[in-house]
Amino acid sequence: MLLAQAWDLKSSFEHMLLVDFGQSTLLEKILRPILVYVFLIAGLRLAGKRELAQLNPFDLIVLLTLSNTVQNAIIGADNSVSGGMIGAITLLAVNALVVRFLYNHAKIDRFIEGDCAVLIEGGKVLMDQLQKELITLTELESAAHKQGFASLSEIDRAVLEPGGSLSFIGSAPSPETERHQQLVEKLEQLSREISALREKSV
């Protein structure tokens, strides 16, 4: 009897898929994700771009726990698969509409996402910009290392993009460095030619 109840697929599917409206309505289940979506957009905008950049473990922890924190606000007490799917579909639909709207309204998009922040210009670290974005030199160096730069002295320009990503542009070699490199290449070429002539003479 117990085994039959345990393998009762019909009741299992009904339990998973049946939406538990309780005290809420379908409209409320649609409005909840929309309100949370708007709140998170505003919250992340106010928190700054460094949260999205995830420059240290604390930023990552905030983003990971944020989803769990607002979970009940999105679906309420409904733990059914259908209830979760309603919330997910609502979020995907709202995001698609917002992205489509912002695509045609660049000024509003720039207002919501903010402008990029230049952190290094002409090889000089702009400390006031770092302070404004709450990014330490150590965090900036660590991000540069991840992109293959040994030190900040190799970078001509660094930009914190609106989406939170850090872009680095390497410094162009100086004329002296280029001439030195050309001389080294010519010496190597001469050395190879001399070796080839010696081999022929032997």
Side-chain angles (χ1 to χ4, degrees), residues 2 4-117 119 129-136 138-140 142-143 146-147 159-167:
L2 289 173
Q5 289 177 347
W7 285 94
D8 187 355
L9 291 176
K10 183 180 177 182
S11 62
S12 296
F13 274 106
E14 285 179 355
H15 181 71
M16 282 193 304
L17 298 176
L18 192 62
V19 179
D20 180 17
F21 286 104
Q23 301 296 321
S24 64
T25 62
L26 178 61
L27 180 61
E28 181 184 335
K29 290 186 180 297
I30 294 173
L31 288 175
R32 279 173 174 265
I34 295 174
L35 291 173
V36 171
Y37 179 88
V38 172
F39 168 77
L40 289 177
I41 292 292
L44 289 172
R45 176 72 177 88
L46 293 172
K49 293 185 281 292
R50 70 153 294 135
E51 291 295 338
L52 298 173
Q54 300 176 37
L55 293 171
N56 63 34
F58 304 110
D59 299 322
L60 181 60
I61 289 168
V62 168
L63 289 178
L64 289 175
T65 55
L66 205 55
S67 60
N68 192 50
T69 304
V70 300
Q71 177 185 348
N72 289 336
I74 292 176
I75 61 173
D78 185 1
N79 291 319
S80 69
V81 174
S82 298
M85 289 174 70
I86 290 172
I89 290 169
T90 303
L91 284 174
L92 290 170
V94 170
N95 189 61
L97 290 172
V98 168
V99 170
R100 184 176 291 275
F101 175 79
L102 293 178
Y103 179 79
N104 296 315
H105 298 81
K107 288 184 179 179
I108 299 175
D109 184 27
R110 195 160 49 249
F111 173 76
I112 292 174
E113 289 197 357
D115 295 318
C116 60
L119 307 178
Q129 283 294 100
L130 286 182
Q131 189 174 4
K132 181 182 176 183
E133 299 296 337
L134 300 177
I135 297 175
T136 65
T138 304
E139 290 170 339
L140 189 62
S142 177
K146 290 176 183 176
Q147 295 195 27
V159 178
L160 178 60
E161 306 290 353
S165 60
L166 277 162
S167 303

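Heavy atoms only: backbone and side chains are in, while hydrogens, waters and symmetry mates are out.
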Legend entry - Backbone of I61 reached by a side-chain donor or acceptor of T65 within 3.5 Å: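 Answer holds: yes.
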Legend entry - Under 3.5 Å donor-acceptor, Q147 side chain and L166 backbone: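 Between the backbone of L166 and the side chain of Q147 there is a qualifying donor-acceptor contact (under 3.5 Å).
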Legend entry - Over all atoms of both residues, closest heavy-atom pair of E133 and L119: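 Reported closest heavy-atom pair: CG-CD2, 4.4 Å.
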Inset, instruction - List the atom of A73, the atom of R32, and the distance in Å for their closest heavy-atom pair. - result: O-NH1, 2.9 Å
Name each donor-acceptor pair under 3.5 Å that joins a side chain in residues 85-94 to protein atoms two or more places apart or in another chain, with its distance.
{"residue": "T90", "atom": "OG1", "partner": "I86", "partner atom": "O", "Å": "2.7"}

Inter-residue atom distance [X].[atom1] - [Y].[atom2], 0.5 Å rounding:
{"X": "D109", "Y": "F101", "atom1": "CG", "atom2": "CZ", "answer": "10.0 Å"}
{"X": "I34", "Y": "L97", "atom1": "CD1", "atom2": "CG", "answer": "9.0 Å"}
{"X": "S167", "Y": "L160", "atom1": "OG", "atom2": "CG", "answer": "8.5 Å"}

Inset, instruction - Output all residues satisfying side-chain contact (heavy atoms from CB on, under 4.5 Å) with T136, sequence neighbours left out; order by chain, then residue number. - result: T138, E139
Legend entry - Of V99, N104, V98, the residue whose pairing with L102 passes side-chain contact (heavy atoms from CB on, under 4.5 Å):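 It is V98, the one option of V99, N104, V98 that forms the side-chain contact (heavy atoms from CB on, under 4.5 Å) with L102.
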